[in-house]
**Q** 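Dropping the structure in here first, questions after.
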Protein chains: 2
Amino acid sequence: MPKPAERPYSQYTHDALALLGQLIREGRLAKSLTTTELATRAGISRALLQRIERGDPGCAIGAVFETAVICGVALFDSDERALAAKKARHAEKLALMPKAIRQSRTGVKDDF
Amino acid sequence: MPKPAERPYSQYTHDALALLGQLIREGRLAKSLTTTELATRAGISRALLQRIERGDPGCAIGAVFETAVICGVALFDSDERALAAKKARHAEKLALMPKAIRQSRTGVKDDF
DNA sequence: GTCTTTTGGCTCATAAACGAGCCATCGGCT
DNA sequence: AGCCGATGGCTCGTTTATGAGCCAAAAGAC
């Protein structure tokens with residue numbers, strides 16, 4: 001068998017993963033860390049780090065974010081210290097939103 | 001046994017995951033999608049979607065990114081279409097960097 | 001108020017990621 | 001040139017996430 005069934009990911013997801021992996025690799029090289037060193041610091045195996053740098057979609061997101069942080073890669077918006085605050089603000093926002101989504105039986109929202 | 005050993009993640013990683021989960025939830029509510037609907041569109045189970053929105057570090061990053069994209073969440077920098085181009089530019093940059101890191105046997109770079 | 005649907009949380013079987021270890025190759029020193 | 005370390009890629013066994021299904025509670029519609 002050529003492939004034992006793979007999960008379908010959108011092209012954008014693949015691109016984003018590939019870019020993130022490249023950023024991590026750049027960060028690692030910029031800090032002159034070997035793959036073994038970075039893997040050790042991140043608490044993962046060297047094999048997993050290679051998969052992360054390659055942009056493997058199956059990697060645990062915690063491991064990827066951890067290595068990204070060590071390499072100095074800004075996660076989504078380079079706002080590092082404001083992250084906690086931002087989380088709090090969004091929590092407030094969520095509190096104001098409906099807790100459950102009720103389907104209108106006529107149409108489906110498909111505006112994206 | 002209380003806990004069968006858990007992977008240690010930095011606080012920043014936890015915060016980032018929690019925020020990303022919140023953003024996804026906001027996006028889902030904004031589009032009036034039920035958890036079941038979004039999970040189906042993302043090709044994942046409802047249980048996994050709940051873990052993603054909760055910020056579980058063990059989720060596959062591909063599933064998380066895919067969900068985020070559907071919800072309209074900008075991954076790291078809201079530059080959506082420029083993503084492919086950015087990936088290319090970083091690839092060029094990498095080509096100019098050393099392929100292997102050689103350890104200076106005296107000290108270790110620890111500037112972060 | 002009642003009813004309907006969404007949601008959170010749980011168990012369990014299965015599928016998949018992860019870690020360890022290995023080898024071949026490449027890259028930078030000397 | 002040779003040497004030594006870093007890297008890529010692979011297999012295999014173990015650990016883990018994932019999906020399916022269920023239940024009780026919460027939330028919105030009526």
Side-chain angles (χ1 to χ4, degrees), chain A residues 1 3-9 17-18 21-22 24-26 28-67 94-109, chain B residues 1 3-9 17 21-22 24-26 28-67 94-106 108-109:
Chain A
M1 311 92 194
K3 294 207 176 183
E6 212 168 288
R7 221 200 273 256
Y9 290 116
L17 286 172
Q22 288 180 356
I24 290 177
R25 163 173 277 261
E26 285 180 25
R28 177 177 67 83
L29 294 177
K31 293 184 182 302
S32 298
L33 293 172
T34 67
T35 52
T36 306
E37 281 179 338
L38 176 55
T40 302
R41 294 199 185 191
I44 64 178
S45 67
R46 192 172 67 95
L48 178 55
L49 174 60
Q50 288 181 337
R51 284 190 288 259
I52 291 175
E53 290 191 350
R54 205 179 307 154
D56 190 323
C59 298
I61 192 174
V64 181
F65 276 25
E66 191 74 18
T67 48
L94 265 186
L96 271 58
M97 301 191 77
K99 304 300 188 316
I101 296 299
R102 182 146 298 255
Q103 283 308 339
S104 53
R105 39 228 165 286
T106 52
V108 181
K109 288 210 177 182
Chain B
M1 318 87 199
K3 293 208 175 181
E6 212 167 288
R7 220 196 273 257
Y9 290 116
L17 285 172
Q22 289 180 356
I24 290 177
R25 164 173 277 259
E26 285 179 25
R28 178 177 64 83
L29 294 177
K31 293 184 183 301
S32 299
L33 293 172
T34 68
T35 52
T36 306
E37 281 179 337
L38 176 55
T40 302
R41 294 198 186 192
I44 63 178
S45 67
R46 193 172 66 94
L48 178 55
L49 173 60
Q50 288 181 337
R51 284 189 286 259
I52 291 175
E53 289 190 350
R54 205 179 306 152
D56 190 323
C59 298
I61 193 173
V64 181
F65 276 25
E66 190 75 17
T67 316
L94 265 187
L96 271 58
M97 302 192 76
K99 303 300 187 312
I101 297 298
R102 183 145 298 254
Q103 283 307 339
S104 52
R105 39 222 165 286
T106 52
V108 180
K109 288 209 178 182

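So you know, we letter chains A, B, ... as the sequences are listed, proteins then strands, and number each from 1.
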**Q** Measuring from A/I24:CD1 to A/L29:CG, what's the distance to the nearest 0.5 Å?
**A** 12.0 Å
**Q** Just distance, no hydrogens or angles: give the donor-acceptor pairs under 3.5 Å from side chains in residues 58-67 of chain B, sequence neighbours left out.
**A**
| unit_1 | atom_1 | unit_2 | atom_2 | d |
| --- | --- | --- | --- | --- |
| B/E66 | OE1 | A/S10 | N | 3.0 |
| B/E66 | OE1 | A/S10 | OG | 3.3 |
| B/E66 | OE1 | A/T13 | OG1 | 2.7 |
| B/E66 | OE2 | A/S10 | N | 3.4 |
| B/T67 | OG1 | B/A63 | O | 2.6 |

**Q** To the nearest 0.5 Å, what is the distance between OG1 (B/T35) and CD1 (B/I52)?
**A**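 If we round to the nearest 0.5 Å, B/T35:OG1 and B/I52:CD1 are 12.0 Å apart.
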**Q** Considering the terminal five base pairs at each end of the helix from C/dG1-D/dC30 to C/dT30-D/dA1, what angle separates the two local helix axes, rounded to 10°?
**A** 70°
**Q** Report the distance from atom NZ of B/K31 to atom CD of B/E37, rounding to the nearest 0.5 Å.
**A**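 Here the rounded value is 12.5 Å.
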**Q** Using a cut-off of less than 4.0 Å, is there contact between a side-chain N or O of B/T35 and OP1 or OP2 of C/dT6?
**A**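 For C/dT6, neither OP1 nor OP2 has a side-chain N or O of B/T35 closer than 4.0 Å.
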**Q** Among C/dT7, C/dG8, D/dT18, find the nucleotide with the atom closest to the side chain of B/R28.
**A** C/dT7
**Q** Using a 4.0 Å heavy-atom cut-off across all strands, classify A/A63 as base, sugar-phosphate, or nothing.
**A**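 Counting heavy atoms under 4.0 Å across all strands, no contact is made by A/A63.
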**Q** Which residues, if any, of residues 46-54 of chain A bring a heavy atom under 4.0 Å of DNA chain C?
**A**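 Heavy-atom cutoff 4.0 Å gives A/R46, A/L48, A/R51.
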**Q** Rounded to the Å, how far apart are A/D56 CG and D/dC10 P?
**A** 13 Å
**Q** Nearest to the side chain of B/R25 - C/dG8, D/dA29, C/dC18?
**A** C/dG8
**Q** For residues 53-62 of chain B, pull every pair meeting salt bridge (Lys or Arg N to Asp or Glu O under 4.0 Å), keeping only residues two or more places apart or in separate chains.
**A** B/R25-B/E53, B/R28-B/E53
**Q** Over how many whole Å does the gap from B/I61 atom CD1 to D/dT18 atom C1' extend?
**A**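 Rounded to whole Å, this separation is 17 Å.
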**Q** Considering residues at least two apart in sequence or located in another chain, which fulfil the side-chain contact (heavy atoms from CB on, under 4.5 Å) criterion with B/S45?
**A**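 B/A47, B/L48.
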**Q** With sequence neighbours excluded, what pairs up with A/Q50 under the side chain to side chain donor-acceptor pair (under 3.5 Å) test?
**A** none
